[in-house]
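Note sheet for the following structure.
Within every chain, numbering begins at 1; the chains are lettered A, B, ... in the order of the sequence lines, protein sequences first and strands thereafter.
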4 protein chains.
Amino acid sequence: MSRKRSDDKRRKILQAAVKVFARKGYFAARVSEIARKAGVADGTIYLYFRNKEDILVSLFDEVMQEHLRSAERELGAVEGAPARLRVVAEHHLRSMGGNRDLAVVFQVELRQSTKFMERFTASWLQQYFAILDKVIEEGQQEGSLRADLPRKVAAKALFGTLDEMVTSWILARRDYDLVQLAGPVVDLFLRGAASPATVQEARPPLAAVAPSHGGR
Amino acid sequence: MSRKRSDDKRRKILQAAVKVFARKGYFAARVSEIARKAGVADGTIYLYFRNKEDILVSLFDEVMQEHLRSAERELGAVEGAPARLRVVAEHHLRSMGGNRDLAVVFQVELRQSTKFMERFTASWLQQYFAILDKVIEEGQQEGSLRADLPRKVAAKALFGTLDEMVTSWILARRDYDLVQLAGPVVDLFLRGAASPATVQEARPPLAAVAPSHGGR
Amino acid sequence: MSRKRSDDKRRKILQAAVKVFARKGYFAARVSEIARKAGVADGTIYLYFRNKEDILVSLFDEVMQEHLRSAERELGAVEGAPARLRVVAEHHLRSMGGNRDLAVVFQVELRQSTKFMERFTASWLQQYFAILDKVIEEGQQEGSLRADLPRKVAAKALFGTLDEMVTSWILARRDYDLVQLAGPVVDLFLRGAASPATVQEARPPLAAVAPSHGGR
Amino acid sequence: MSRKRSDDKRRKILQAAVKVFARKGYFAARVSEIARKAGVADGTIYLYFRNKEDILVSLFDEVMQEHLRSAERELGAVEGAPARLRVVAEHHLRSMGGNRDLAVVFQVELRQSTKFMERFTASWLQQYFAILDKVIEEGQQEGSLRADLPRKVAAKALFGTLDEMVTSWILARRDYDLVQLAGPVVDLFLRGAASPATVQEARPPLAAVAPSHGGR
DNA sequence: GATGAATGAGCGTTCATTCAT
DNA sequence: GATGAATGAACGCTCATTCAT
């Protein structure tokens with residue numbers, strides 16, 4: 001009972017924080033404004049969060065946990081690397097495209113310090129890349145993806161592409177449906193930009209690449 | 001003469017600022033620390049910059065101007081979209097890979113607020129995308145790139161991929177040569193991830209995409 | 001209750017401010033010193049006042065309001081212009097003579113800028129002059145004051161005289177009773193400096209004066 | 001020659017200072033703005049004045065010296081206390097009414113600290129009062145002024161009255177001729193505000209006043 | 001004498017956090 | 001649990017003054 005009411009208040013605070021962080025930016029965001037928007041006293045914030053940073057980190061952790069969970073759930077329903085990559089892309093774009101404020105916080109505010117970035121990478125991107133890597137590896141085994149594909153590069157490329165789509169969308173003045181980009185993005189990722197004729201001839205020096213180049 | 005000394009001091013301040021911003025982050029960076037590192041008095045900073053933010057913005061503007069200039073210079077020496085995309089990728093990765101502190105400032109500090117992001121987009125990314133768009137269009141005309149390629153998506157995909165490579169490199173503990181990723185990245189971008197067999201069969205609903213989807 | 005504590009603290013701050021302003025002058029006065037003297041933290045000042053200037057202005061407004069109120073109360077108990085002018089003079093000198101620090105703030109600190117002066121004039125002196133003007137006009141109607149007296153000049157003369165008495169007193173090394181000057185001042189104001197014989201003869205060209213000469 | 005050029009520059013600086021002090025106030029006035037308005041480099045100011053305060057003090061001293069000199073010169077041409085008081089009043093009002101900026105500096109800026117006030121009193125008001133006192137004493141001896149007049153009170157009253165006229169004029173929105181107030185002011189000072197009938201009857205307790213009450 | 005680039009001490013104000021109620 | 005008044009550390013920026021040229 002008290003547990004339930006508490007959770008309510010905690011959620012209220014997080015929802016308020018998303019709006020304030022998105023509009024003002026993390027540093028310019030005032031704890032007192034979050035409290036006001038959440039309808040609680042300033043001090044109450046500190047009953048649920050250690051400090052201002054903990055609000056941002058908690059926000060991030062909870063949303064990410066849910067995103068990863070639902071991504072894996074959706075992946076479970078599909079077979080084959082091409083289709084699964086399409087699912088990943090759609091899920092990514094749908095998640096971020098559904099709540100602009102939240103997207104702003106994730107695309108902008110969470111990247112304002114290497115400290116946050118490292119945490120973000122360690123606790124979430126790691127898992128995201130693991131999922132992508134697994135899908136790609138399966139694709140290679142099933143023959144749908146090139147066997148000579150450098151998996152890490154490919155995973156980063158896909159993530160980087162999706163990430164850029166979201167950032168573009170956030171900064172765009174015109175509002176458009178982010179999810180519809182999943183098709184073209186995955187199509188480009190799978191088929192490449194070159195015309196079939198070109199691909200036959202020129203082969204960039206793929207071999208020059210070190211097999212492992214580290215990564216975040 | 002006085003002009004020369006001024007430029008010297010200005011450069012000293014910018015160099016110091018890169019280091020301090022990279023290590024502490026923009027907000028936690030102290031103007032007095034920049035001054036100390038630059039070997040000037042606190043007040044001297046304000047003879048060359050309006051305020052702390054102006055240091056960051058100037059840094060960004062001046063580096064970007066130089067990057068764009070040199071990118072176009074390098075592009076002038078090469079023919080054919082595949083080779084030119086390779087040049088763009090190498091230039092991007094070489095520029096950022098050459099100075100880790102500067103890269104941190106560009107990948108992290110400059111993105112800590114939508115205000116900076118918008119400025120970044122408006123004054124630089126716009127031009128970057130224009131270059132990419134032109135190269136891609138030429139590629140389509142010369143037949144090296146697919147005629148049905150959605151150019152905006154492709155440009156963002158390539159930029160997003162390169163951007164992610166740089167971010168990964170910054171956050172990686174292990175230091176590796178960023179430029180060597182240019183080959184694999186462009187190869188993936190051109191040829192795609194799918195195996196040749198797969199490409200023949202399945203064709204994701206490319207046509208479903210709106211021809212223009214806005215963009216930053 | 002909380003209301004009472006607040007008022008207490010506010011008063012403490014104002015009292016501390018009077019002392020610090022009087023000793024150091026407004027500009028040289030340090031907010032932190034006011035806070036220390038008031039026994040509160042620096043930040044607490046800003047819970048009660050918008051900024052440093054607001055402390056001075058509030059001080060002025062609140063004291064002035066009380067002064068005007070008590071002046072009118074005292075005037076209500078007396079009849080006849082001569083006696084009422086005497087009341088005004090005594091009240092003026094008693095108010096300022098009772099708290100040297102407050103007098104310094106009013107005579108010196110509040111006049112350090114035309115901005116303060118204009119505010120002082122608009123919000124208080126205006127009313128002070130209105131009171132004097134009314135007393136003088138009544139005196140003219142009852143016949144105790146000369147009918148040809150230029151009222152504005154007379155009001156300013158009396159105020160200027162009292163003001164100068166206070167300023168003199170503040171700067172004097174020797175401490176003396178300011179109120180005892182009310183008698184001589186009003187006597188001079190009423191009877192003039194000339195000997196009775198002289199007055200009969202020479203009459204300065206009063207008529208040359210424009211009937212209205214503006215005024216602050 | 002060099003002497004003459006130097007004096008030129010010094011005067012330029014003082015003239016610029018009057019304008020800047022009058023418009024901005026002493027504290028808000030920037031030395032660099034005075035320099036700019038005077039057409040000299042910032043550093044040049046310090047070849048002629050010890051510091052910012054010295055500019056204000058020098059301004060004051062030089063103007064005052066000239067004022068006192070010319071006042072005594074004018075007084076030398078007139079006989080009898082009433083006429084001489086009229087000369088003093090006209091001189092006072094003419095001096096201040098001739099240059100509004102200078103008047104602002106004298107009425108407002110010079111009074112922003114007890115330090116300035118004390119200096120002002122010691123070096124100039126002292127002499128001004130000495131002149132007034134002498135005129136009044138002569139008036140008493142020649143019989144034109146009341147023998148029972150408390151001289152110090154009378155001198156302060158006249159000064160305070162004139163001072164208030166100037167301050168009023170400065171703050172007034174409407175511009176009017178200050179000098180024309182000399183007549184009414186002196187007339188009031190000599191004849192008093194009371195109607196002749198009243199003066200015969202009531203005599204405020206003049207004797208109660210301490211013979212000397214100190215003074216600035 | 002003249003310059004003006006450089007100095008660096010100094011402070012009003014904000015706001016995350018605490019804790020008595 | 002909830003409140004919100006109080007705290008006080010922390011810092012960007014200004015500008016009078018200096019001094020090498």
Side-chain angles (χ1 to χ4, degrees), chain A residues 2-3 5-6 9 27-36 38-55, chain B residues 1-3 5-6 8-10 27-36 38-55, chain C residues 1-3 5-6 8-10 27-36 38-55, chain D residues 1-3 5-6 9-10 27-36 38-55:
Chain A
S2 116
R3 171 73 213 186
R5 190 169 52 209
S6 286
K9 208 157 273 192
F27 274 96
R30 301 297 155 226
V31 171
S32 60
E33 191 180 347
I34 295 175
R36 191 167 45 71
V40 302
D42 290 19
T44 306
I45 300 264
Y46 293 85
L47 296 175
Y48 296 90
F49 302 94
R50 264 192 313 284
N51 49 38
K52 185 181 171 185
E53 183 181 322
D54 188 40
I55 304 176
Chain B
M1 182 75 127
S2 114
R3 175 71 215 185
R5 188 173 59 220
S6 285
D8 252 23
K9 209 154 274 190
R10 188 189 161 85
F27 276 97
R30 300 296 151 225
V31 171
S32 60
E33 193 180 346
I34 295 175
R36 194 166 43 71
V40 301
D42 289 21
T44 305
I45 301 263
Y46 294 87
L47 294 177
Y48 295 92
F49 302 94
R50 263 191 312 285
N51 49 39
K52 188 182 168 185
E53 183 181 322
D54 188 40
I55 304 177
Chain C
M1 182 77 125
S2 116
R3 174 72 217 183
R5 189 173 58 221
S6 286
D8 252 24
K9 210 154 271 188
R10 187 189 161 86
F27 275 97
R30 300 300 149 222
V31 171
S32 59
E33 192 180 346
I34 295 175
R36 193 165 44 70
V40 301
D42 289 20
T44 305
I45 300 264
Y46 294 86
L47 295 177
Y48 295 91
F49 302 94
R50 264 191 313 284
N51 49 37
K52 187 182 169 185
E53 182 180 323
D54 189 40
I55 304 176
Chain D
M1 179 78 132
S2 114
R3 172 72 215 186
R5 192 169 52 210
S6 285
K9 207 158 272 191
R10 186 189 162 85
F27 275 96
R30 302 296 155 227
V31 171
S32 60
E33 192 179 347
I34 295 175
R36 192 164 46 69
V40 301
D42 289 20
T44 306
I45 299 265
Y46 293 86
L47 296 175
Y48 295 91
F49 302 94
R50 264 194 312 284
N51 49 37
K52 186 181 170 184
E53 183 180 322
D54 188 39
I55 303 176

>> Of the options E:dG1, F:dG4, F:dA2, whose atoms approach the side-chain atoms of D:L47 most closely?
In response: E:dG1
> Okay, side chain of C:R30, backbone of C:F27: is any donor-acceptor separation there less than 3.5 Å?
Replying inline: yes
> Paired with F:dG12 by Watson-Crick or G-U wobble geometry, both distances under 3.5 Å: which nucleotide is it?
Replying inline: E:dC11
> Among the nucleotides F:dA6, F:dT14, E:dT13, which one has an atom lying closest to any side-chain atom of C:T44?
Replying inline: F:dA6
>> Pairing check on E:dT21: which nucleotide meets the Watson-Crick or G-U wobble criteria with it, both distances under 3.5 Å?
In response: F:dA2
> CZ of D:F27 versus C1' of E:dC11: gap in Å, rounded?
Replying inline: 14 Å
> Counting side-chain heavy atoms from CB outward, which of E:dG12, E:dA16, F:dT3 is closest to C:V31?
Replying inline: E:dG12
> Picking from F:dT3, F:dG12, E:dA2, which would you name as closest to the side chain of B:K52?
Replying inline: F:dG12
> Which part of the nucleic acid does A:A29 contact within heavy-atom distance under 4.0 Å: base, sugar-phosphate only, or nothing?
Replying inline: sugar-phosphate
> What's the closest nucleotide to the D:A41 side chain, out of E:dA6, E:dT13, E:dT3?
Replying inline: E:dT3
> Between F:dA6, E:dA16, E:dT7, which nucleotide gets closest to the side-chain atoms of A:Y46?
Replying inline: E:dA16
> Can you check the D:D42 CG to F:dT14 P distance for me, whole Å?
Replying inline: 16 Å
>> Rounding to an integer number of Å, can you tell me how far C:K9 NZ sits from F:dA6 P?
In response: 4 Å
> Watson-Crick or G-U wobble partner for E:dA16, using a 3.5 Å limit on both distances?
Replying inline: F:dT7
> For C:R30 and E:dA9, what is the distance between atoms CZ and P respectively, to the nearest whole Å?
Replying inline: 16 Å
> Are the side chain of C:K52 and the backbone N or O of C:A29 linked by a donor-acceptor pair below 3.5 Å?
Replying inline: yes
> In whole angstrom, what separates D:E53's CD from F:dT17's P?
Replying inline: 9 Å
> Rounded to the nearest Å, what distance is computed from the CG atom of residue C:D8 to the P atom of nucleotide F:dA6?
Replying inline: 11 Å
>> Output the rounded distance in Å from CG (B:N51) to C1' (F:dC11).
In response: 14 Å
